[in-house]
Amino acid sequence: MPEGNSWRSSGLNRRDVLKYGAAGGTALMAGCLGGSSSTDRFRVFDAETSGTLPSQRHCNPWNPTQRGTWHPGALIYDRPVVYSPSEDEVYSLIATDWEMVDDTTLEFTFSDEWTWHDGDQVVADDWVMQLQMSLEILDYQAEDGERPHQFLESAEAVDEQTAQITFHDPLSTTAAVQNVVADLVGDESRGIFTKHTDDQWIDWHEQLRNSDDGEMEGVLEEITTTSYPSLEDAVGNGPFQVADIGDNVMVFERYDDHPNAGELNFSEYSVHLYNNNNPTQPYANGEIDAAHTQFPVEDDVKSQLPEEHTLIKEGFSTNKLFTFNCGYDVSYDTPLESANVRKAICHVFDRQQVVQLLEGVNRMFEWPPCRVPGNVLDNGSHDAADWVEDFTLYGQNDTDRATELLEEEGFQRDDGEWYTSDGDRFEVDIMNGTERKDLGVLKENLENFGIETNQEQVDDATFDERRQAGEYDIMPDGSSANGIRALWALDLVPTWVQSISHFDPDAEIPMPIGDPDGSDGTKSINVEEHIRQWQVTGDDQYHQELMWWWNQTVPQMEAMFQPDAGAYNAANWTLDAPEGIIDGTEDALYLIPKMEGATIEYNG
């Protein structure tokens, strides 16, 4: 390709060429414009490919529609630090240092080497503006007397290079960083989107901080519905800046003033759209070099992949679960309100019958229910892998133990069929999941054991309404399992999981840990407070007890897990970065070009 990106001065309009690319799996034109055979462009599958058109995407983290703040905003914007959920580790980016200067104050020191793509320096005020706007939105949304955020209290810029974050309670350093760089209201974790000298951000920031309650609704309506800035006009601060936006491809050129630009031996990065969300075919055809997700693939597809096919993001996975209605504070009469009944169902399940149905993508969750990622238990990278050895193991088709538990609750078996203590036929209502082969196995196991099952398939709106109201017995569920702490987030277990499984947030767990008979009695815990204390103190005892509560309460049972990996063609490209970035972050393909000592390099 000639130097200077000659397309800018050519007679052919680049947008006219780009709009004909890649739709339905058709490769772009070869050479400089399309880049299908270019050695100077890294081509990546767009993970939101069947959603928002590039021309409609924006980089406003608080507007949830038509968003471009992740794809490709996470490429063109940088963030203060990178938190790896699978490794529970923090890596430097714009911030060169961070420390707790007292029990409740976290201080970040910003590098003076980062600039916005218009040449202005990135300063602490840029990030602080973004945090303050999110906290103001949360403050307006909070009930009277409630904290706007569980942990964050305020954010201030001490000077151009120093940002101070204040917390309500003392926190360990890692927990503090994890909370401050997470999404608070929208997609803020993907980068620093607010330039503190930008007139639009200044206006919205001032309105959020100065408007009274009567005016705030209108202010929020404007902020959360305005597509500012458009992706095409975005001024970022990352290693690549917008070059051109087509209908099916977004092209970005290296920003040579970025601190890590010298580590990159290619000048363009493109993000490609297709008609569906599966990157396998264009990847196998050589139309793209990499994809963020959708790997591994089924066994019968593996032979189509490039010879040097290499996985990334292997620390990430998705859990396939059975969710049980625990019956707390709902009017629906479910026999599963008893933990013993839920345990009995888990014991009846025969996970070995599922093994032949995995098809190379899913993996069996072979451990006791414990809310720890299967990848972590498989590689033994955390002490939790040892702790669960003493936990109750289900899924063994242990009908003798299931019988004991049901009889403890007054259930009776007559002529191979189970009846409740009221003499009614023991039936469980399964909502949705006809496509889940593991749920089909559970259903067969229960019926063979003498428990009748009724399965009903409902539409998405009804499904959501009924799970929130607790009008079901068993349903399928899936959730990301991307790290030890991530699985116990305060907005996840005591909020979301509780709202669909309806467990009692105040629990009695048998002690000691590992003894379901409770030879030492029981311990009273509040799930939310236990999670909070774990984050505040960093004491593993809280984590162990939470895992034990999950194992003995079983609001959900992990049946399978699916690695949620990405991939790249190592025949032409080398990815060099810490393992915690390559395999432990969701945005690895965007993050690696940004980081000191890391690179994506063309080697074809």
Side-chain angles (χ1 to χ4, degrees), residues 321-328 330-357 364-366 368-369 391-434 436-457 470-477 501-504 507-510 515-519 522 550-560:
L321 310 116
F322 305 141
T323 296
F324 305 117
N325 180 6
C326 302
Y328 173 74
V330 296
S331 58
Y332 184 78
D333 186 17
T334 173
L336 274 67
E337 65 181 350
S338 163
N340 276 345
V341 175
R342 298 193 296 273
K343 290 178 184 178
I345 289 173
C346 293
H347 277 300
V348 171
F349 178 53
D350 187 354
R351 60 163 48 97
Q352 288 305 311
Q353 290 183 233
V354 183
V355 172
Q356 59 186 333
L357 308 175
M364 288 310 304
F365 194 92
E366 301 174 345
F391 283 23
T392 302
L393 181 65
Y394 304 97
Q396 307 299 301
N397 195 227
D398 187 349
T399 55
D400 289 341
R401 179 57 179 153
T403 297
E404 293 173 4
L405 290 165
L406 289 179
E407 289 178 346
E408 284 182 29
E409 297 302 309
F411 287 68
Q412 295 181 347
R413 196 177 192 187
D414 183 20
D415 196 24
E417 296 181 343
W418 281 97
Y419 294 85
T420 69
S421 57
D422 295 329
D424 298 325
R425 186 77 166 87
F426 183 13
E427 301 178 1
V428 295
D429 293 325
I430 301 174
M431 182 172 64
N432 284 16
T434 54
R436 282 273 298 268
K437 295 179 180 180
D438 56 335
L439 194 59
V441 169
L442 175 63
K443 181 179 176 181
E444 179 184 341
N445 297 153
L446 292 175
E447 290 174 346
N448 289 341
F449 183 56
I451 298 174
E452 189 170 331
T453 65
N454 304 306
Q455 188 163 18
E456 181 182 5
Q457 200 75 13
E471 297 176 355
Y472 72 95
D473 292 326
I474 302 174
M475 70 175 188
D477 199 6
S501 66
H502 308 284
F503 64 76
D504 188 342
E508 299 284 332
I509 53 175
D515 179 7
D517 293 327
S519 57
T522 61
W550 185 265
N551 181 264
Q552 292 299 294
T553 303
V554 282
Q556 295 179 320
M557 177 185 177
E558 301 94 325
M560 302 184 296

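Throughout, residue positions are numbered sequentially from 1 according to the sequence presented.
Residues N397 and Q353 bring no donor and acceptor atom of their side chains to less than 3.5 Å of each other. No hydrogens or angles considered: nothing links the side chains of D473 and N325 as a donor-acceptor pair under 3.5 Å. Q552 and T392 share a donor-acceptor pair across their side chains, judged by distance under 3.5 Å alone.
A distance-only check finds a donor-acceptor pair linking the side chain of Q455 to the backbone of N432 [under 3.5 Å].
Nearest heavy atoms, P510 versus P516: CB-O, 3.7 Å. In terms of heavy-atom proximity, A402 sits nearest to V348 at CB-CG2, 3.6 Å. Of all heavy-atom pairs spanning F365 and R351, the tightest one is O-NH2, 2.7 Å. Summarising the geometry of Q396 relative to Y394, their closest heavy-atom pair is NE2-O, 3.2 Å, with the distance given to 0.1 Å.
Every side-chain hydrogen bond (donor to acceptor under 3.5 Å, both in side chains) that E408 has, sequence neighbours left out, goes to N340. S331 is linked by a side-chain hydrogen bond (donor to acceptor under 3.5 Å, both in side chains) to nothing, counting only residues two or more places apart in sequence or in another chain.
Between the OH atom of Y332 and the CD atom of E337 there is a distance of 11.5 Å, given to the nearest 0.5 Å. Interatomic distance, L439 CG to I430 CD1, rounded to the nearest 0.5 Å: 5.0 Å. Distance check, rounded to the nearest 0.5 Å: CD of E452 to CD of E427 gives 4.0 Å. A distance of 11.5 Å separates CE of M431 from CD1 of I474, quoted to the nearest 0.5 Å. In this structure, SG in C346 is found 8.0 Å from CG in L442, a value given to the nearest 0.5 Å. Separating the CG atom in D477 from the CD atom in E558 is a distance of 11.0 Å, to the nearest 0.5 Å.
Applying the salt bridge (Lys or Arg N to Asp or Glu O under 4.0 Å) rule to pairs touching residues 438-448 yields R436-D438, sequence neighbours excluded.
Within 6.0 Å of CG in D333 there are 12 or fewer heavy atoms belonging to other residues, nucleotides or ligands.
Under the 30°/60° scheme for interplanar angles, the aromatic rings of F322 and F349 are found to stand perpendicular.
A cation-pi contact links R413 to F449, judged by a cut-off of 6.0 Å to the six-membered ring centre and 45° from its axis.
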